[in-house]
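Structure first, commentary second.
Excluded from the calculations below are hydrogen atoms, water molecules and symmetry mates; all remaining heavy atoms, backbone and side chain alike, are included. In what follows, chains carry the letters A, B, and so on, assigned in the order in which the sequence lines appear, proteins first and then strands, with residues in each chain numbered from 1.
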Amino acid sequence: MSTYAAGLSADIGIALLGGLSVYVILATGQLSLGNAAFMAVGAYLASALTVYAGLPLTAALMLAGLASGFLGVLVGFPALRLRGIYLAMATLGFGEMTRSFFLDFAPAGGAGGFRGMGPVSTAYIWAWSASLLVGVVLLERSRLWLEFRAVNDDERAADLIGLNTTAIKVGAFGLGAAIAGVAGGLFAYHQLYIEPGMFGFDRSIEMVLYVVLGGSTVAVGPLLGATLLVLLPEFLRFLADWRLAAFGALLILVLLFRRQGIIDRGMFRGLSRRKWATP
Amino acid sequence: MRAPDSVLEFRGVVKRFGGISALNEVDFVVPRGQIVGLIGPNGAGKTTAFNLASGAYTTTAGDIIFEGRSTIGLKPYQVARRGIARTFQNIRLFRSMTVWEHLVVSNREKSRIRNILPFGGAGRETCERSRRILDLTGLTAFHDRLPVSLPYGMQRKVEIARALASQPRLLLLDEPVAGMNQDEAGELLELLLRLRREGLTILVIEHDMPFVMNLCDHIYVLDFGLVIAGGRPEEVRRDPVVLSAYLGEDGGCSR
């Protein structure tokens with residue numbers, strides 16, 4: 001594989017994790033526009049743990065995931081009081097807050113960024129991405145995931161059939177944040193250098209787009225969305241300056257014709273039918 | 001002290017919204033194994049009573065006792081886990097889930113591990129119970145359908161099936177026959193009587209008088225947030241207070 005192809009492949013792997021982090025939270029009906037912040041925390045933490053403390057990368061990524069997940073739970077609690085566009089605004093604010101924290105936080109290099117991470121193979125990145133994707137796909141077949149969907153479909157009814165909606169929503173936030181944290185750590189090692197500007201609002205939006213474009217009701221949706229959104233700008237290079245405009249037009253077209261994303265749950269219903277051991 | 005076999009008991013329950021009293025010192029008892037009706041004109045406070053019993057609202061004053069213990073201060077999901085299930089006046093189903101998935105998610109899974117395992121939530125016991133509920137409610141052939149693809153009467157049954165899947169000891173039904181045709185209402189009557197025979201206690205709000213009179217062992221009449229009468233169906237039907245307040249001169253049974 002050429003360096004170019006390997007680089008793109010690694011980008012897709014990391015983008016997939018970013019998409020999954022949004023997907024898991026969105027499964028409970030919560031839209032987070034601040035997931036780049038969890039990515040930043042994971043990126044800085046994994047980098048610091050390896051560069052300063054000499055931890056192996058895999059252990060550092062696990063710790064980064066745990067720490068981001070914990071932060072996600074903390075963010076998840078105030079998020080309980082907010083819905084829809086207000087939740088989106090609050091998470092956006094959280095993202096900007098985190099970005100400016102790293103901008104001012106001298107030990108992490110501030111605006112100058114942080115370096116010292118060694119290169120990491122595309123295979124290593126994909127080992128993480130594929131495992132986490134499989135993990136989410138399996139989770140989608142669990143009863144817990146039905147609880148997620150129940151909260152998304154009708155929170156009040158979910159509450160009244162005995163589901164602890166608070167725990168479910170906060171848990172989803174923590175899980176999504178943990179995935180974003182791992183994505184951040186891998187991103188830092190893939191880029192070899194990180195700075196706060198890499199974890200801005202645009203990054204959070206990208207993560208949401210992977211889900212919206214690929215499909216927000218099945219985990220392979222974000223995989224398709226991440227692949228398309230990483231590769232499309234490359235394929236559209238011949239358009240030179242018009243590249244981004246064409247990209248935007250494509251996006252609008254897809255959303256006009258498939259609002260639920262390119263892939264949706266309906267396509268998989270035949271597959272999952274018998275597995276709940278139905279009559 | 002009331003008889004120990006009461007499942008649900010309202011003791012001097014008051015619910016005020018701002019300055020408006022929706023319920024004013026309401027007392028009633030739902031004995032175990034009976035079907036009790038809650039009737040009254042619109043705005044009498046029937047659904048408010050349901051929302052209080054299921055924990056969706058908090059009481060302003062008074063006490064609600066479920067199986068000997070107060071439910072005051074419990075969150076709705078905690079009340080549900082104690083054993084109270086309910087349906088809604090306007091159907092509230094999970095739009096993305098098949099009928100079968102409604103049953104799986106409503107059935108409590110005690111093992112945390114099985115809860116996150118792929119297909120772990122549908123063990124043998126769960127499946128058997130769910131199949132029985134499908135059978136009882138006549139939904140077996142529709143287990144794989146999304147609620148939007150089902151007729152209204154069937155959607156009501158899905159809601160009841162979902163409530164049954166949580167293995168309640170008290171079932172609260174909010175206008176279950178609203179929107180049903182005669183046949184569907186007849187089937188529902190059969191189903192509810194059968195559930196009672198199996199020991200389930202049911203509290204039902206209903207406007208359809210012939211249905212209530214055929215179904216209930218005991219009826220309470222609410223008007224303006226007060227219990228104005230209570231008794232066996234034939235007693236309530238003849239009670240002059242009820243007649244003037246609610247049922248109309250002919251007892252509402254002429255149709």
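For R258(A), the CZ atom is densely surrounded, since the number of other residues' heavy atoms within 6.0 Å is greater than 12. Atom OH of Y152(B) sits in a crowded spot, with more than 12 heavy atoms from other residues, nucleotides or ligands closer than 6.0 Å. When the shell of 6.0 Å around CG of L256(A) is examined, it contains more than 12 heavy atoms from other residues, nucleotides or ligands. Counting non-hydrogen atoms of other residues, nucleotides and ligands closer than 6.0 Å to CD of Q78(B) gives a total above 12. The local environment of CG in L253(A) is crowded, with over 12 non-hydrogen atoms from other residues, nucleotides or ligands closer than 6.0 Å. Around OH of Y124(A), the count of heavy atoms belonging to other residues, nucleotides or ligands within 6.0 Å exceeds 12. When the shell of 6.0 Å around CD of E125(B) is examined, it contains 12 or fewer heavy atoms from other residues, nucleotides or ligands. Under a cut-off of 6.0 angstrom, the local environment of CZ in F17(B) is crowded, with over 12 non-hydrogen atoms contributed by other residues, nucleotides or ligands.
Between chain B and the residues L138(A), T165(A), V137(A), the most heavy-atom pairs under 4.5 angstrom are made by L138(A). Interface remark: of the candidates S96(B), A80(B), A56(B), S96(B) forms the most heavy-atom pairs closer than 4.5 Å to chain A.
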Does the pair E147(A) and N115(B) meet the rule for a side-chain contact (heavy atoms from CB on, under 4.5 Å), with working shown? CA-CA 10 Å; E147(A) 294 188 2; N115(B) 203 29; 3.8 Å; yes

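Here the CZ-CZ distance, from R92(B) to R156(A), works out to 4.5 Å after rounding to the nearest 0.5 Å. Once rounded to the nearest 0.5 Å, the distance linking CZ of R162(B) with CG of L160(A) reads 9.0 Å. One finds the CD atom of E109(B) at 11.0 Å from the CG atom of L144(A) (value rounded to the nearest 0.5 Å). A distance of 12.0 Å separates CZ of R143(A) from CD of E101(B), quoted to the nearest 0.5 Å. Separation of atoms NZ (K75(B)) and CG (N164(A)) is listed at 8.0 Å; rounding is to 0.5 Å. Atom OG of S166(B) is separated from atom CD1 of I161(A) by 7.5 Å, given to the nearest 0.5 angstrom.
Side chains of L163(A) and Y77(B) form no contact here, defined as non-hydrogen atoms less than 4.5 Å apart. Taking 4.5 Å as the limit, every side-chain heavy atom of S142(A) sits out of range of all side-chain heavy atoms of L117(B).
Across all non-hydrogen atoms, the minimal contact from D154(A) to L93(B) is CB-O, 4.3 Å.
When atom types are taken as modelled, the side chain of R81(B) and the backbone of G162(A) share a donor-acceptor pair closer than 3.5 angstrom.
Contact of D135(B) with chain A is not made at all, since no heavy-atom distance falls under 4.5 Å.
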